[in-house]
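This report concerns only the one structure given below.
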Amino acid sequence: LINNRLKTFLGILIISALFWYIFELTNISVQSWSYQGTSDFGSAKQLFGFLSFATVLPALFETAELIRAIHLFDKNKLPKKHKITKKFLYIMISLGILSFLAAIFLPAFAFPLVWLSFFLLLDPINYLNKQPSIIRHLKDRKLAIPLSLLAAGIILGVLWEFWNFWAIPKWTYNIPYFGFFKIFEMPILGYLGYLPFTFELYSMYWFVRSLFVKK
C-alpha cells in the first residue's frame, strides 16, 4: 500500500481512526473495554490515540493481501450459486439497524452485535451500488476474499492481544457473562468477535470510499 498506493494508504489511516472513534462512542454506555496508562502521555494522549487507531484498517488490508498473495484460499468456492434478492438485502439492512440499536440500548445483553451491525447495514448497500461486498460472493461463489479477511482477523486478533498484554498504555476488558478463560487480556470467546469485525471494517471502508470515488 505504501509503495504502490500512497494516497490510498494515507486515506485509509484517517478512515481507520474515524471508524474506531465510532466504536469508542458505542463503548461509552457499557465500557466493555477501557484504557490504562494513558495519563503518562499528557497532552499528547489524543494524538497517540489517533495514531494507534489509524493502524487498524491498514493492518487488516495488508494482512489480507499477504494471505491473498500466497493463494491460500484461491480454490475455495461455495458448492452452488445463490441468488441475491432485494428482499434479502432489505432484511440484512433492517437487521443491521436493529443490531446497532440493540447494542446501544441493551448493551448488557446485545453489545457484541456492534461488531456485526455495520456489516449487515452497509454490505447490502455496497452491493446495490456495485461496490465490493462480501455478499456478492454468494453469487460468484468465490471465497478467497472472505476467507482471507477472516484469517487476517484471527491473526491480527492474536497479535494485538499479545502485544497489548505487556504494553503501556494498554486496554483491558469488562465482558459480562463471557469474561472467563483469558488468553492475554481477551476472554477466549472474545476472539470470535474478530471474525465479523473484519467483514464490518471491509464493508465500512468500501461504503465510505464509494462516497468519494466514482463507481
Side-chain angles (χ1 to χ4, degrees), residues 1 5 8-9 11-27 32-33 52-74 76-78 92-93 95-96 99-100 103 110-127 131-164 171 173 175 178 183-210:
L1 285 172
R5 287 173 280 167
T8 299
F9 174 74
I12 289 175
L13 293 178
I14 296 171
I15 292 172
S16 176
L18 294 178
F19 285 173
W20 195 259
Y21 281 120
I22 293 174
F23 294 123
E24 290 291 328
L25 289 173
T26 62
N27 186 50
S32 286
W33 67 87
S52 300
F53 300 158
T55 66
V56 175
L57 202 55
L60 173 63
F61 283 171
E62 287 285 12
T63 307
E65 287 201 16
L66 173 61
I67 295 169
R68 291 290 309 281
I70 61 176
H71 308 289
L72 187 61
F73 300 115
D74 282 3
N76 292 85
K77 291 186 177 183
L78 290 174
M92 276 191 69
I93 292 172
L95 288 175
S99 297
F100 182 76
F111 188 76
L113 292 176
V114 77
W115 307 118
L116 185 64
S117 58
F118 288 107
F119 164 68
L120 293 172
L121 175 61
L122 298 178
D123 205 61
I125 295 175
N126 290 339
Y127 178 83
Q131 297 297 314
S133 64
I134 297 298
I135 56 176
R136 77 180 175 91
H137 299 298
L138 295 172
K139 196 172 181 178
D140 65 22
R141 300 174 51 226
K142 298 177 181 178
L143 295 177
I145 290 177
L147 292 178
S148 295
L149 287 169
L150 293 176
I154 291 297
I155 292 169
L156 289 174
V158 172
L159 288 175
W160 281 331
E161 300 300 337
F162 169 76
W163 289 323
N164 173 66
W171 63 79
Y173 295 99
I175 302 178
F178 300 103
I183 300 178
F184 307 117
E185 292 291 350
M186 171 69 86
I188 188 168
L189 292 179
Y191 284 92
L192 295 176
Y194 282 106
L195 298 176
F197 179 58
T198 61
F199 284 0
E200 187 157 65
L201 288 178
Y202 185 81
S203 302
M204 293 170 75
Y205 168 74
W206 284 107
F207 175 78
V208 172
R209 189 176 185 275
S210 70

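Just so it is clear, the structure is predicted and the values come from calculations on it, not from any experiment.
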Original post:
Taking all atoms of both residues into account, what is the closest heavy-atom pair of Gly96 and Leu120, and its distance?
Top reply: CA-CB, 3.5 Å
Subject >> Side chain to side chain, Pro58 and Leu13, heavy atoms closer than 4.5 Å >> reply: yes
Original post:
Just how far is it from atom CG of Leu149 to atom CD of Glu65, taken to the nearest 0.5 Å?
Top reply: 10.0 Å
Subject >> Residue pair Gly153 / Tyr194: nearest heavy atoms and the distance that separates them >> reply: O-CB, 3.6 Å
Original post:
How long is the span from the CG atom in Asn27 to the CH2 atom in Trp33, to the nearest 0.5 Å?
Top reply: 4.0 Å
Original post:
Rounded to the nearest 0.5 Å, how far apart are CH2 of Trp171 and CG of Asn164?
Top reply: 4.0 Å
Original post:
Which atom pair, heavy atoms only, marks the closest approach of Arg136 to Ser133?
Top reply: CG-O, 3.2 Å
Subject >> Output field: ring centroids Phe184/Trp163 closer than 6.0 Å >> reply: no
Original post:
Backbone N or O of Leu195 within a donor-acceptor pair of the Thr198 side chain at under 3.5 Å?
Top reply: yes
Original post:
Is the side chain of Tyr191 donor-acceptor paired with the backbone N or O of Ile183 at a distance under 3.5 Å, no angle test?
Top reply: yes
Subject >> Side chain to side chain, His137 and Leu78, heavy atoms closer than 4.5 Å >> reply: no
**OP:** State the CG-CZ distance between Leu116 and Phe119, to the nearest 0.5 angstrom.
**Re:** 7.0 Å
Original post:
Is the centre of the Phe118 ring less than 6.0 Å from the centre of the Phe19 ring?
Top reply: no
Subject >> Taking every non-hydrogen atom, the tightest pair across Ala59 and Trp160 >> reply: CB-CZ2, 4.0 Å
Subject >> Flag side-chain contact, heavy atom, 4.5 Å: Ile12 against Arg5 >> reply: no
Original post:
Is any side-chain heavy atom of Leu150 closer than 4.5 Å to a side-chain heavy atom of Phe199?
Top reply: yes
Original post:
Closest heavy-atom contact between Glu185 and Tyr173?
Top reply: O-CD1, 3.2 Å
**OP:** Please round to the nearest 0.5 Å and tell me the distance separating atom CD1 of Ile14 and atom CZ of Phe9.
**Re:** 11.0 Å
Subject >> Sidechain-backbone polar pair: Asn76 side chain, Leu143 backbone, donor-acceptor under 3.5 Å >> reply: no
Original post:
Any side-chain heavy-atom pair from Ile145 and Arg68 closer than 4.5 angstrom?
Top reply: yes
**OP:** Find the distance between OG1 (Thr55) and CG (Leu60) and round it off to the nearest 0.5 Å.
**Re:** 11.0 Å
Original post:
Under 30°, 30 to 60°, or over 60°: which ring-plane class applies to Phe23 and Trp115, parallel, tilted or perpendicular?
Top reply: tilted
Original post:
Any side-chain heavy atom of Val56 within less than 4.5 Å of one from Phe197?
Top reply: yes
Subject >> Aromatic plane relationship, Tyr21 with Phe53 - under 30° parallel, 30 to 60° tilted, over 60° perpendicular >> reply: perpendicular
Original post:
Pro124 and Ile135: which non-hydrogen atoms are nearest, and at how many Å?
Top reply: CA-CD1, 3.8 Å
**OP:** Could you go through the side-chain contact (heavy atoms from CB on, under 4.5 Å) check for Thr26 and Phe111 one step at a time?
**Re:** CA-CA 9 Å; Thr26 62; Phe111 188 76; 4.1 Å; yes
Original post:
Between the main-chain N or O of Ser203 and the side-chain N or O of Asp123, is there a donor-acceptor pair closer than 3.5 Å?
Top reply: no
**OP:** For the residue pair Val208 and Leu18, establish whether any side-chain heavy-atom pair is separated by less than 4.5 Å.
**Re:** no
Original post:
Passes side-chain contact (heavy atoms from CB on, under 4.5 Å), Leu159 versus Thr63? Steps please.
Top reply: CA-CA 12 Å; Leu159 288 175; Thr63 307; over 6 Å; no
Original post:
So do Leu121 and Phe100 actually touch side chain to side chain, heavy atoms under 4.5 Å?
Top reply: no
